[in-house]
There are 2 protein chains.
Amino acid sequence: MTFTYDYARPALTVDCVVFGLDDHDLKVLLIERKLKPFRGKWALPGGFVRVGESIDHAARRELKEETGLEKVFLEQLCTVGNPLRDPREHVVTVAYYALVRLSDHRVHAATDAAQALWFSLDDLPKLAFDHDDILNTAHQRLRSKLRYQPIGFELLPKKFTLRQLQALYEIVLNRELDKRNFRKKILKMGVLEETDEIESDVAHRAARLFRFDRQAYRRMTRRGFHFEI
Amino acid sequence: MTFTYDYARPALTVDCVVFGLDDHDLKVLLIERKLKPFRGKWALPGGFVRVGESIDHAARRELKEETGLEKVFLEQLCTVGNPLRDPREHVVTVAYYALVRLSDHRVHAATDAAQALWFSLDDLPKLAFDHDDILNTAHQRLRSKLRYQPIGFELLPKKFTLRQLQALYEIVLNRELDKRNFRKKILKMGVLEETDEIESDVAHRAARLFRFDRQAYRRMTRRGFHFEI
DNA sequence: GATTCATAGTGTTGTTTTCACACTAAGTCG
DNA sequence: CGACTTAGTGTGAAAACAACACTATGAATC
């Protein structure tokens, strides 16, 4: 079956920059392409948008199909449509970025992906298409957005210690923060709820666990509160 | 002539939210649609992306064709692709926003637009498609971006008084600012260059004219400087 | 040419926020 | 019980912010 239109149309795809955090590193999920063009090269997971599905849906679907990831925090990044970015024809792609904690997800390649692997951000292969550019844009966006939106909590367990939270900010922002100032600042905001639990299985004094209070955050946001680290 | 593909493709369009500033008001440029669907309704200027042109180019081209505007500051806003947003078929649109000073541009409707008119932001008609949503998103983005990127200068003449600059911020941010604090803050940044001219044709003491020093701004940005009003 | 009028232009002070910095407390491990 | 590791806490100096009112200049009017 084929589809015929009165005017030529660019193809439309979605691509996902998935950031994953473990205890020390920020990584990004890439797939090895099974098909031409760029067969055997590493690329962002993604694929064609189907008629009748929203682009957000397409992004989630492709991410799940190719890497097995689902139910992740996913946000639109930008759309790139240089007509020469794909050697075959004019392909416009809507890029998304996602945040996950590595320990929560097992990835497994499927469909058009020969492999799906986490790469450290400072040890990346050359990517297919203009995916390097997209990845850089996503990394910058992650850094700047982390500072004024509480998206970092997507990268942590439900309950976490302040030390974990601080480490997250230090890894993504790539600079050290002062422990006391950090704690004062984040606690004063009132978006963290102290639980009565402490971490376990540590070989030293256990730290208190906190939880992000999304309700409080939303309430405060409506009243003009501005989150910022 | 027709075009045939193996898989169905959504149509791809661009739409522009053009903000215009006069001395007192922030306005937005709308066109009256000449064609179905929503014939006779007001909408954002925009149209189909052609194969072989970049999406930025498509946005500029459509804006010029339908309203006569060209050489404006134009930046990508977001992409919306709900399959039901257009009653005809699945149409994905890349939205842009633009900033102009009203006095610099005469608009004139053409091609698919029966009229092109500036509307005050608090007196808008109901728009075609989901253009209300796009417009709201653009307005929010303008407000927040104005604070931490020096895009406001796009809305002023090359040389301007500090009073004009402050008025711009007050109009877009919709709150009053203290004259002395505003002047101190913006001058201390060092991104304004004082000219040796003063404004003319005013019936009172004339104010000094300043110019935005883009070079200085770029230099400082590379060194980690962070613009913020 | 004196007066009026409108806007330009300027400083100070108290408050808040930021930043730099070091020790004690608690729990584990041997 | 001593050594080790991380949790948890406060203070002071510097910078940024917010609130606030008067004098200076030039044009217009009489």
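Throughout, a chain's letter reflects where its sequence line sits, starting with A, and its residues are numbered from 1. In this text the structure is predicted, and so the values were computed from the model without any measurement.
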Exercise. Tell me, yes or no, whether the heavy-atom count around B:R214 atom CZ, taken from other residues, nucleotides or ligands under 6.0 Å, exceeds 12.
Key: no
Quiz item: Which nucleotide in the list C:dT17, C:dA20, D:dC17 gets nearest to the side chain of A:N181?
Solution: C:dA20
Quiz prompt | ring-ring contact (aromatic ring centres under 6.0 Å, His included) against B:F210, all qualifying residues, sequence neighbours excluded | solution = none
Exercise. Determine whether B:I229 and B:F182 make a side-chain contact, defined as any pair of heavy atoms from C-beta on separated by less than 4.5 Å.
Key: yes
Quiz prompt | A:E75/A:R141 salt bridge by N-O under 4.0 Å criterion | solution = no
Practice problem: For B:R208, report the nucleic acid contact type (base, sugar-phosphate, nothing); a contact means any heavy atom under 4.0 Å. | Solution: sugar-phosphate
Exercise. Working to the nearest 0.5 Å, report the span between OH of B:Y96 and CD of B:Q76.
Key: 4.5 Å
Quiz item: For the pair made of CG in A:L162 and P in D:dT6, what is the distance, rounded to whole Å?
Solution: 16 Å
Quiz item: Side-chain donor or acceptor of A:R205 under 3.5 Å from a matching atom on the base of C:dA26?
Solution: no
Exercise. Could you pick out which residue, A:K184 or B:F210, lies toward the 5' side of DNA chain C when each is mapped onto its nearest nucleotide?
Key: B:F210
Exercise. Provide the closest heavy-atom pair for A:V92 versus A:G81 in the form atom of the first, atom of the second, distance.
Key: CG2-CA, 3.9 Å
Exercise. Ignoring the backbone of B:R163, work out which of C:dT17, C:dA8, D:dT6 is nearest its side chain.
Key: C:dA8
Self-check item: Whole-Å gap separating P (C:dT18) and CZ (A:F182)
Solution: 14 Å
Practice problem: Round to a whole Å and report the spacing from CG of B:L165 to P of C:dG9. | Solution: 13 Å
Can you give each donor-acceptor pair under 3.5 Å made by side-chain atoms of residues 131-138 of chain A, sequence neighbours left out, with the distance rounded to 0.1 Å?
from: A:H131; atom 1: ND1; to: A:L44; atom 2: N; distance (Å): 3.0
from: A:D132; atom 1: OD1; to: A:L127; atom 2: N; distance (Å): 3.4
from: A:D132; atom 1: OD2; to: A:K126; atom 2: NZ; distance (Å): 3.0
from: A:N136; atom 1: ND2; to: A:D132; atom 2: O; distance (Å): 3.4
from: A:T137; atom 1: OG1; to: A:D133; atom 2: O; distance (Å): 2.9

Exercise. May I ask you to decide whether A:E70 forms a salt bridge with A:R60, counting only side-chain N to carboxylate O separations under 4.0 Å?
Key: no
Practice problem: Could you tell me the separation between the CE atom of A:M189 and the P atom of C:dT17, rounded to a whole number of Å? | Solution: 12 Å
Quiz item: B:V80 and B:D15: side-chain contact (heavy atoms from CB on, under 4.5 Å), yes or no, with the steps?
Solution: CA-CA 10 Å; B:V80 290; B:D15 287 299; over 6 Å; no
Quiz prompt | Whole angstrom value for the distance that separates P of D:dA21 from CZ of B:R183 | solution = 18 Å
Quiz item: Heavy atom of residues 221-229 of chain A under 4.0 Å from DNA chain C: which residues?
Solution: none
Quiz prompt | Identified salt bridge (charged side-chain N to carboxylate O under 4.0 Å, His left out) counterpart of A:E197 within the set A:K158, A:R208, A:K159, A:R211 | solution = A:K159
Quiz prompt | Of residues 192-204 of chain A, the positions that come close to DNA chain D - non-hydrogen atoms, cut-off under 4.0 Å | solution = A:H204
Quiz item: Rounded to whole angstroms, how far apart are CD on B:Q164 and P on C:dT7?
Solution: 13 Å
Quiz item: With sequence neighbours excluded, what pairs up with B:D178 under the salt bridge (charged side-chain N to carboxylate O under 4.0 Å, His left out) test?
Solution: none
Self-check item: Close approaches to DNA chain D from residues 172-180 of chain B, in residue order (heavy atom, under 4.0 Å)
Solution: B:D178, B:R180
